[in-house]
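Contents: one structure, followed by commentary.
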Amino acid sequence: MSHKVRVRFAPSPTGPLHIGGVRTALFNYLFAKKHGGDFVLRIEDTDQNRYVKGAEQYIVDALNWCGIPFDEGPGKEGAFGPYRQSERKHLYKQYAEELIQKGKAYYAFDTSEKLAFHRQDHEAKGKTFIYNWHNRLKLDNSLALSEAEVKTRLENGADYVVRFYTPQDQKLDLKDEIRGAIEIDTNVLDDKVLFKSDGMPTYHLANIVDDHLMQITHVIRGEEWLPSLALHQQLYDAFGWNAPTFAHLPLIMKPVGKGKLSKRDGAKMGFPVFPLSWAESIGYKEAGYFPEAVVNFLALLGWNPGTEQELFSLDQLTSSFSLDRVNKSGARFDPDKTKWYNQYYLQEKDVSELAEHFAPILAEKAIEADRSSLSYIQQVVRLIKERATFVSDFWGLSDYFFVAPEHYAEKGVKKQWKEGTPEIMGQLVSLLQKTANFDSEPLEVAVKLWINDQELSFGKVMPPLRLVLVGDMKGPHIFDIMHLLGKDESIRRIERAIAKLG
């Protein structure tokens, strides 16, 4: 067994990757990187009936977008490939046979009709049918049949499955890094199917063989695999292999009510549950989240650093992460908190990067050339970004920088446009025409001096001025707005309002 830490993320390509899957990948990635190890992607596609075209590429794209790429996997062949289970089919049969030779597994020939009959029969008596020690000698398998009969059936191509032989009356001591010691009574376990006569292994056998051959040292996976831990540990023991260290992550729970987070919760409450869009479901990327925000909020779903710190870069997460600080209980998903994270990362970003994200939105609106230059957009973004959570909020916060208002907010007009206002605004225009320096600070000094000289109140000048420039009582510092709009446009807007509002 290698001493280098090796972890794997092993999703099935049956649809888009749920945000819970992304968190499992993230915790694997953080653990591997902290210990200088390898993060392996393995595609578990043995169930060809459920295979969905495009799902594998989606998984790769999602990990890359999040900034947690794998070191080995499909398209990044390492020394342990191939990395798709369907391309490893030829490997599993010999291991199923090895277990039969060792008396740890057996052939079962029971038809599905027969098993269905037993299930219904048990249900009618208020019991549950379990295929294990208490009935296996009465069923149709190689434990109950003679060697000659088994040989004949196999030679004649009879359908069979290989089942694990679970021992009777034993106590299994299992260990989980997150949940501690777990004791299981083998009498309650069933003899799980490991291999089918169509040459395909079940998940359990393929999983153990692949983890062993790929020298995986730590299996970090979702809580839903906890019931399989007893079988997996027994399989390692049956082969005489060292088992990896197991850690089962808590579930991500719905924002309200009971149960785990689902696609329906997202649709109902209007937040994404997938990293990237898939069919009609919008992803975090397309909803305008930054990958750093997604990684940061996911890391704190089920793990805590033991301090009050909430904001972590990927490097900080890597150095802080440890499995012993992962919680046992489910982590409640909070859509408002995800927005809070995005707002933080948006504020941290350079205005030049934000302007590049904003530019395509403006391009769709056919803004005139001088207002669509990147340097102008950057200046606008600098003034309005602190009120934004997403880049998509920018237009609503800054439209008046690009197009003159057509209408004026009714409430603003009622409150600010008084009897003497048009005259005052007309006088202000005369002042602005004579003002040479239109930078924000000198402009502010000039206007405020004029207000004092005229013995006007600020309330008679500043709010109506904002209304006519912006169209509403919103926006950043008024002189910053005027500086950006420029002298001609500022005057044009005031005159237009005088004409429109009278």
Side-chain angles (χ1 to χ4, degrees), residues 270 288 335-336 339-340 342-343 346-347 354 358 361-362 364-368 371 376-377 379-433 435 438 440-441 443-452 454-502:
D336 293 333
K339 288 181 180 162
W340 178 84
N342 207 64
Q343 185 174 30
L346 185 141
Q347 304 311 326
L354 294 173
F358 189 24
I361 298 175
L362 293 169
E364 282 175 21
K365 301 187 184 292
I367 304 299
E368 59 192 72
R371 299 259 184 245
Y376 182 76
I377 298 170
Q379 294 179 73
V380 172
V381 169
R382 187 174 282 115
L383 292 181
I384 54 114
K385 70 174 192 147
E386 68 183 39
R387 293 176 182 77
T389 301
F390 300 101
V391 170
S392 57
D393 299 336
F394 286 180
W395 176 251
L397 291 166
S398 71
D399 53 353
Y400 54 87
F401 280 110
F402 302 97
V403 281
E406 288 287 326
H407 308 285
Y408 305 96
E410 215 175 302
K411 221 164 123 189
V413 173
K414 218 170 174 173
K415 205 167 164 203
Q416 309 302 344
W417 202 260
K418 309 248 173 56
E419 203 172 311
T421 306
E423 289 73 30
I424 294 173
M425 289 294 114
Q427 291 162 15
L428 179 60
V429 167
S430 310
L431 170 79
L432 296 177
Q433 279 164 341
T435 305
F438 229 73
S440 182
E441 280 179 33
L443 183 60
E444 180 169 0
V445 170
V447 172
K448 287 185 172 173
L449 274 173
W450 172 78
I451 291 174
N452 287 328
Q454 301 295 311
E455 295 184 350
L456 291 165
S457 71
F458 278 84
K460 281 194 168 150
V461 181
M462 304 306 287
L465 177 58
R466 179 176 295 279
L467 178 69
V468 303
L469 294 174
V470 174
D472 202 347
M473 302 310 296
K474 64 174 190 181
H477 188 52
I478 193 78
F479 297 102
D480 289 345
I481 296 177
M482 291 173 79
H483 164 64
L484 259 192
L485 290 177
K487 182 170 176 171
D488 294 347
E489 179 63 15
S490 297
I491 290 171
R492 195 163 37 242
R493 289 191 185 188
I494 300 169
E495 289 178 333
R496 188 170 169 200
I498 295 171
K500 269 198 155 185
L501 296 170

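Values below: every heavy atom of this structure, side chains too, minus hydrogens, waters and symmetry copies. Given the structure is predicted, the values throughout are model-derived calculations rather than measurements.
Take E455 and apply the side chain to side chain contact (heavy atoms under 4.5 Å, CB included) test, not counting sequence neighbours, and it matches no residue. By the ring-ring contact (aromatic ring centres under 6.0 Å, His included) test, F394 pairs with F358, sequence neighbours left out. Every residue meeting the salt bridge (Lys or Arg N to Asp or Glu O under 4.0 Å) condition with R492, not counting sequence neighbours, appears here in chain and number order: E489. For D480, the side chain to side chain donor-acceptor pair (under 3.5 Å) partners two or more places apart in sequence, or in a different chain, are S440. Residues forming a ring-ring contact (aromatic ring centres under 6.0 Å, His included) with F390 (at least two apart in sequence, or on another chain): Y289. A search for ring-ring contact (aromatic ring centres under 6.0 Å, His included) contacts involving Y376 returns F402, not counting sequence neighbours.
The list of ring-ring contact (aromatic ring centres under 6.0 Å, His included) pairs with a residue in residues 478-500, not counting sequence neighbours, reads H477-F479. Sequence neighbours left out, not one pair with a member in residues 385-397 passes salt bridge (charged side-chain N to carboxylate O under 4.0 Å, His left out).
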For residues 445-452, please give each side-chain donor-acceptor pair under 3.5 Å, one per line with the distance, not counting sequence neighbours.
from : atom 1 : to   : atom 2 : distance (Å)
K448 : NZ     : E444 : OE2    : 2.6
N452 : ND2    : K448 : O      : 3.4

Which side-chain N or O atoms in residues 406-415 pair as donor and acceptor under 3.5 Å with protein atoms at least two apart or in another chain?
none

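Under a cut-off of 6.0 angstrom, the local environment of NZ in K460 is sparse, with at most 12 non-hydrogen atoms contributed by other residues, nucleotides or ligands. The local environment of CD in Q427 is crowded, with over 12 non-hydrogen atoms from other residues, nucleotides or ligands closer than 6.0 Å.
How far CE of M462 is from OG of S457: 11.0 Å, rounded to the nearest 0.5 Å. Between the CD1 atom in I494 and the CE atom in M482 there is a gap of 5.0 Å [rounded to 0.5 Å]. Here L428 contributes atom CG and L465 contributes atom CG; the two are 6.0 Å apart, rounded to the nearest 0.5 Å. Atom CG of L469 is separated from atom CD1 of I478 by 5.0 Å, given to the nearest 0.5 angstrom. The distance from atom CG of L484 to atom CZ of R371, rounded to the nearest 0.5 Å, is 8.0 Å. Atom CG of L432 and atom CG of D488 lie 11.0 Å apart (nearest 0.5 Å).
Minimum heavy-atom separation, T389 to N342: O-ND2, 2.9 Å. Smallest separation of non-hydrogen atoms from G502 and P422: O-CG, 3.0 Å. P476 approaches F401 most closely through the heavy-atom pair CG-CZ, 4.3 Å. For the residue pair A497 and W417, the shortest heavy atom distance occurs at O-CZ2, 4.1 Å. Listed here is the closest heavy atom pair of A388 and Q347: O-NE2, 3.2 Å. Here the closest heavy-atom approach between residue I384 and residue L397 is recorded as CG2-O, 3.6 Å.
Looking only at side-chain heavy atoms (C-beta outward), F458 and P463 stay at 4.5 Å or farther from each other. Looking at Q416 and T421, their side chains never come closer than 4.5 Å, going by heavy atoms from C-beta outward.
Of the candidates D472, L485, I481, I481 is the only one forming a side chain to side chain contact (heavy atoms under 4.5 Å, CB included) with Y400.
For the pair R493 (side chain) and V468 (backbone), a donor-acceptor distance under 3.5 Å is absent.
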